[in-house]
A.B. asks: 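Next up is a structure, given as structure tokens.
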Amino acid sequence: MATKKRGPTKGARVLIELPFGEEKAPAGKKPGKNKYVRVKQGIAQELGFKPVTVMPTRMVKGVKRVVNIGSYRRESVTLIFDKPKNIKGSTGTYATVNLPLGSGCTITDAVEYFQKSGKGIVGLRTSNGQVYRWDFEK
């Protein structure tokens with residue numbers, strides 16, 4: 001059996017839209033809340049997330065511009081797997097992976113989604129160390 005690996009996974013970051021949280025339309029010139037995050041390709045595939053195929057755009061002074069969104073250095077949660085998993089593109093197995101949260105997503109949204117997801121996730125740890133578990137590790 002391969003050893004549990006700590007440290008970063010390999011691969012490029014892709015833009016995904018999280019399937020939980022809320023998105024508010026921009027009010028005036030302030031950017032609204034969104035569910036876009038940048039995640040390593042292997043992690044996105046393991047969690048079943050699809051990359052965004054059409055980049056979001058916005059009109060600026062009559063010109064269409066691509067919006068630079070997708071957080072990955074914001075608040076994040078650490079997802080705990082039921083058993084160590086192989087992440088595509090990386091060597092070794094990982095017992096946990098990090099997932100950033102978009103500005104429209106809360107810890108509660110993440111807990112509720114992954115409890116029901118059936119993706120082999122037994123809990124999550126917040127950035128301040130609080131752990132929420134709903135199943136046992138195998």
Side-chain angles (χ1 to χ4, degrees):
M1 181 171 141
T3 60
K4 292 181 186 176
K5 182 166 173 57
R6 293 190 58 135
T9 56
K10 296 183 188 289
R13 293 188 188 275
V14 294
L15 182 67
I16 63 164
E17 184 174 7
L18 294 173
F20 54 87
E22 66 179 29
E23 189 168 355
K24 293 184 179 177
K29 293 185 179 181
K30 294 182 182 178
K33 294 183 176 186
N34 66 61
K35 304 185 292 183
Y36 293 103
V37 295
R38 294 180 193 162
V39 179
K40 294 283 182 95
Q41 180 177 341
I43 295 172
Q45 288 175 333
E46 184 66 38
L47 297 175
F49 297 145
K50 304 285 185 221
V52 173
T53 56
V54 177
M55 300 302 286
T57 59
R58 175 171 64 184
M59 293 299 286
V60 178
K61 296 183 181 178
V63 178
K64 188 185 269 190
R65 305 268 187 202
V66 174
V67 180
N68 186 15
I69 59 173
S71 60
Y72 74 95
R73 290 192 176 180
R74 249 186 128 267
E75 183 174 7
S76 65
V77 294
T78 301
L79 302 175
I80 304 166
F81 293 124
D82 58 352
K83 58 184 176 185
K85 299 201 178 219
N86 289 323
I87 303 296
K88 186 175 182 179
S90 296
T91 57
T93 58
Y94 293 82
T96 62
V97 293
N98 287 343
L99 178 71
L101 297 177
S103 59
C105 303
T106 64
I107 302 291
T108 305
D109 295 332
V111 169
E112 290 175 351
Y113 175 77
F114 287 111
Q115 272 182 317
K116 301 173 192 170
S117 73
K119 295 180 179 166
I121 297 171
V122 296
L124 62 83
R125 183 174 48 243
T126 64
S127 56
N128 64 359
Q130 181 70 39
V131 177
Y132 299 96
R133 285 199 180 251
W134 49 84
D135 202 356
F136 299 111
E137 290 182 24
K138 293 181 182 172

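Positions are given from 1, in the same order as the sequence printed here.
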A.B. asks: Quickly, which of N98, V97, I43 forms a side-chain contact (heavy atoms from CB on, under 4.5 Å) with L79? Name it, please.
C.D. replies: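 Single pass found, and it is V97.
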A.B. asks: For residues L18 and G102, report the shortest heavy-atom separation together with the two atoms involved.
C.D. replies: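 Of all heavy-atom pairs spanning L18 and G102, the closest is CD1-N, 4.0 Å.
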A.B. asks: Compare every heavy atom of P51 with every heavy atom of I16, then report the nearest pair and how far apart it is.
C.D. replies: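 That would be CG2-CA, 4.0 Å.
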A.B. asks: Please round to the nearest 0.5 Å and tell me the distance separating atom CG of L15 and atom CZ of R38.
C.D. replies: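 It is 7.0 Å, given to the nearest 0.5 Å.
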A.B. asks: Any chance you could measure R65, atom CZ, to M59, atom CE, to the nearest 0.5 Å?
C.D. replies: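 R65 CZ to M59 CE: 10.0 Å, rounded to 0.5 Å.
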A.B. asks: At what distance, to the nearest 0.5 angstrom, does CD of E112 lie from OG of S117?
C.D. replies: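 These two atoms lie 12.5 Å from each other.
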A.B. asks: Over all heavy atoms of both residues, which pair between K10 and G89 is shortest? Give the atoms and the distance, please.
C.D. replies: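 Shortest heavy-atom separation between K10 and G89 comes out as CB-O, 3.5 Å.
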A.B. asks: Hey, quick one: are V66 and V52 part of the same hydrophobic cluster, counting side-chain heavy atoms closer than 4.5 Å, chains of contacts allowed?
C.D. replies: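 Per the 4.5 Å side-chain linkage, V66 and V52 are co-clustered.
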A.B. asks: Give me the other members of the hydrophobic cluster that V122 sits in, counting Ile, Leu, Val, Met, Phe, Trp and Tyr linked by side-chain heavy atoms under 4.5 Å, directly or via other members.
C.D. replies: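 Same cluster as V122: I80, V131.
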A.B. asks: Would you say K119 and Y113 make side-chain contact, with heavy atoms under 4.5 Å?
C.D. replies: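 They are in side-chain contact.
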A.B. asks: Any side-chain heavy-atom pair from V37 and L101 closer than 4.5 angstrom?
C.D. replies: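 V37 does not reach L101 side chain to side chain.
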A.B. asks: Which heavy atom of G21 sits nearest to which heavy atom of C105, and what is that distance?
C.D. replies: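 Smallest heavy-atom distance, with atoms named: CA-SG, 4.0 Å.
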A.B. asks: Can you tell me how far the CH2 atom of W134 sits from the CD atom of Q115, to the nearest 0.5 Å?
C.D. replies: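 Taking CH2 in W134 and CD in Q115, the distance rounds to 5.5 Å.
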A.B. asks: Charged N to carboxylate O below 4.0 Å: is that the case for K85 and E46?
C.D. replies: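 Salt bridge flag = yes for E46 with K85.
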A.B. asks: Just to verify, which of L124, T78, V77, I121 counts as forming a side-chain contact (heavy atoms from CB on, under 4.5 Å) with T96?
C.D. replies: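 For T96, the side-chain contact (heavy atoms from CB on, under 4.5 Å) test succeeds with only one of L124, T78, V77, I121, which is T78.
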